[in-house]
Amino acid sequence: MLDATTRDIKYLPGVGEQRASLLNRELKIYSLYDLLYYFPYKYVDRSRLFKVSEIDGRQPHIQLCGEIRSFEEMGEGASRRLVAHFTDGTGFVDLVWFKGIKFVKSKYKLGKRYVIFGKPTIFNSRANIAHPDIDDAETMQLSSMGLQPFYNTTERMKRSGLNSQAMAKLTSNLFSLIKGEMEETLSPYILQKYKLMPLHEALRVIHFPKNTDELRRAEYRLKFEELFYIQLGILHYSKERRHKYAGYSFTKVGDMFNRFYSENLPFELTGAQKRVVREIRRDVNRNIQMNRLVQGDVGSGKTLVALLAMLLAKDNGYQACMMAPTEILAEQHCSTLKRMLAGLPVRVELLTGSTKQKEREPLFASLLSGEIDILVSTHAVLEDNVNFARLGLVVIDEQHRFGVVQRAKMWTKSRIPPHVLVMTATPIPRTLAMTLYGDLEVSVIDELPPGRKPIATRHIFRNRITEVYSFIEKQLQAGRQAYIVYPLITESEKIDLKNLEEGYLQLCNRFCDYKIGKLHGKMKPKEKDAEMQRFSSGETRLLVSTTVIEVGVDVPNSTIMVIENAERFGLSQLHQLRGRVGRGGEQSYCFLVTGEKLSDDTRKRMEIMTGSNDGFEIAEADLKLRGPGDIEGTQQSGIAFDLKIASLSRDEQLLQYVRDIARAIVDDDPDCDKEHNRVLWRRLAEIKKRNNRHWGAIS
Ligand code: ADP
Ligand code: MG
């Protein structure tokens, strides 16, 4: 059997050095295998002939057989065109060319039978097909054509003649070469039980289907396999990991938890918070290391849940570490925790990149002696010289900013891996969470504290910004505060900073009666801190900022969020930013300011934002709009998003289905030595080797 995995694409008949380098560069096709798995993005039914009388303007593509009765040149300038009056005896359709008029006229003969193919439209009650494909009817074997595959190719490829048709030809050469021989990648019993097409057949059909029925079955088989191996991998490796590592057991709910609950808790927990705390308590009491993701929309009160979990650690004699993605957020968490824990003997300390050297030594010493109960930190905690006496719990806030590597690093800070609680307000759609985290348990805080009013969101064109300013003024007069956010893609982009400075100046002129703060990533940590402090205390009433305030910042008195250049933000980011307001009891407002010329995509994003306050809904929409590859967090997650056929947004049900199948296999064959699963385990190892996936670490 030919080893299609490794054989270089340049040896395929019809390829050669030059095309090979194009295929490498443009489509990352290096081997025969890569080509085999380069699937068409659409198909066009060429098995059926339509009649002209059937055209209703709604068919995507049709094929007709008939003759051209006459040519006619019409129009002037840009609308100059050649029209061929074509008929099959049931009516007339106009074939139209705007280019290559001379060539077309000389190539096609009146009265000769042709098969034409294209997209029909109806205009002034006449059917038209612009730039149709035309073939000689005698040389066409219609019945054998089936569905015609269309492959994505790039401009550069097309210029060298490597268009969709050429790709189809190469693929067909590939099938001749391997003569349909291909190693099956699923066990026979799985094929049988789930009624799946064998691999060799599915691959042939996916490229050259005879009909749509066959095509659906091939797609199903390939999607099944793709999602199945992702799930099998995640479940298998996470199980392996759990075998290897027991977890600490937090058996008691002790003094600190109870005292905090009865004496310090300023309000009643929401039902959802209570439920999630219960879920966490169950997890940490099982002798198995906890890996739990808490998803809760912005403002749902995740910090409090984290605090209760950290008190459980304390009550059982362990330390906890809370990691935040930015210094601002770490500082804020630290002061929030200190405030909430006032009067209780729980020691909370802060460690960030800007903690002074001379403060570090005593800090590190008390971490090591166990005197510090809770360390709030940024990435700074990952450094090798930071060590704990008994680290029992790691809370990672806004996890999409942390990668797998960082999480793995925290494990090394403890003899037994600590429990991990990951918190995110960028709710990852369920399908994606399952794929990314596999066995990570998911808790959802699906309830906001009482009294919150949905944030009124409006999309405003820049030329109407003065109306927004008048509105801000009223709110300021009523004692409220406002954020004005400017995009900053990378902290070094001067032009963005210029936008911010200009905006700041403009606002200072407009709101000369109020103190205005300014915050961006270029500032020294101390300055940032002081600026944030001034805003928190209400000394500054307007805060002009970059996205450094995106996550976590909590100033309940601010009721207005203005996002400048909103078109430059993704949906999740917009939602996060908007979440900075609406945190108190007052009605809050968000203005998305854009220019007037908008792409369809931006328009859609603005619609979604003005139409929904629900982070989950927005995340789903984001997934549909952008595809999973772009969702924050997927890059760092360790899974290269290389789904070739399945889609996380469209194939959610199938994903769930194969996940259950994979789980049953992992449970039934814990040592991976059952004969009937041999194919599966071997294939899994191959995939892992090829993709170098770190399933164990992420799940
Ligand atoms: P997030 O989930 O976005 O991290 P926070 O933990 O910052 O949300 O909480 C948002 C605000 O809601 C904070 O001011 C917090 O004190 C308050 N809060 C949290 N839980 C409750 C509750 N059960 N009832 C009332 N307010 C709450
Ligand atoms: Mg938070």
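Counting convention: from 1, in listed order, for ligands and their atoms alike.
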K.L.:
Just going by heavy-atom distances, which of Arg339, Lys302, Arg583 is nearest to atom 7 (O) of ligand 1?
P.N.:
Arg583
K.L.:
Against heavy atoms of Asp554, which atoms of ligand 1 measure under 4.0 Å?
P.N.:
13 (C), 14 (O)
K.L.:
Would Tyr504 and Tyr486 count as a close aromatic pair, with their ring centres under 6.0 Å?
P.N.:
no
K.L.:
Any idea which atoms of ligand 1 are less than 4.0 Å away from a heavy-atom of Thr303?
P.N.:
4 (O), 5 (P), 6 (O), 7 (O)
K.L.:
Show which atoms of ligand 1 fall inside a sub-4.0 Å distance from at least one heavy-atom site of Val298.
P.N.:
3 (O)
K.L.:
Would you find a donor on one side and an acceptor on the other, under 3.5 Å apart, between the side chain of Ser300 and the backbone of Glu447?
P.N.:
no
K.L.:
State if Pro556 counts as touching ligand 1 under the rule of any non-hydrogen atom under 4.0 Å.
P.N.:
no
K.L.:
Mind checking whether Ser300 has a heavy atom under 4.0 Å from ligand 1?
P.N.:
yes
K.L.:
Going by the atom numbers of ligand 1, which of them fall below 4.0 Å from some non-hydrogen atom of Leu269?
P.N.:
23 (N)
K.L.:
Check this for me, if you would: do Lys528 and Glu327 make a salt bridge, where the nitrogen-to-carboxylate-oxygen distance has to be below 4.0 angstrom?
P.N.:
no
K.L.:
Can you tell which part of His333 has a heavy atom less than 4.0 Å from ligand 1: side chain, backbone, both or neither?
P.N.:
neither
K.L.:
Under 6.0 Å from the ring centre and within 45 degrees of the ring axis: does the NZ or CZ of Arg480 meet both conditions for the six-membered ring of Tyr589?
P.N.:
no
K.L.:
Please name the residue in the list Val305, Val276, Val277 that meets the side-chain contact (heavy atoms from CB on, under 4.5 Å) test with Ser443.
P.N.:
Val276
K.L.:
Short list, please: which atoms of ligand 1 are under 4.0 Å from a heavy atom of Thr270?
P.N.:
23 (N)
K.L.:
May I ask you to check whether Leu304 has an N/O atom sitting below 3.5 Å from an N/O atom of ligand 1?
P.N.:
no
K.L.:
Quick one: closest heavy-atom pair of Pro418 and Leu393, and the distance?
P.N.:
CB-N, 3.9 Å
K.L.:
When you check the gap from the basic side-chain N to the acidic O, do Glu268 and Lys274 get nearer than 4.0 Å?
P.N.:
yes
K.L.:
Distance under 4.0 Å to a non-hydrogen atom of Glu268: what atoms of ligand 1 satisfy this?
P.N.:
22 (C), 23 (N), 24 (N)
K.L.:
Would you say Gly301 has any N or O atom under 3.5 Å from an N or O of ligand 1, going by distance alone?
P.N.:
yes
K.L.:
Do Ser612 and Glu617 have side-chain N/O donor and acceptor atoms under 3.5 Å apart?
P.N.:
yes
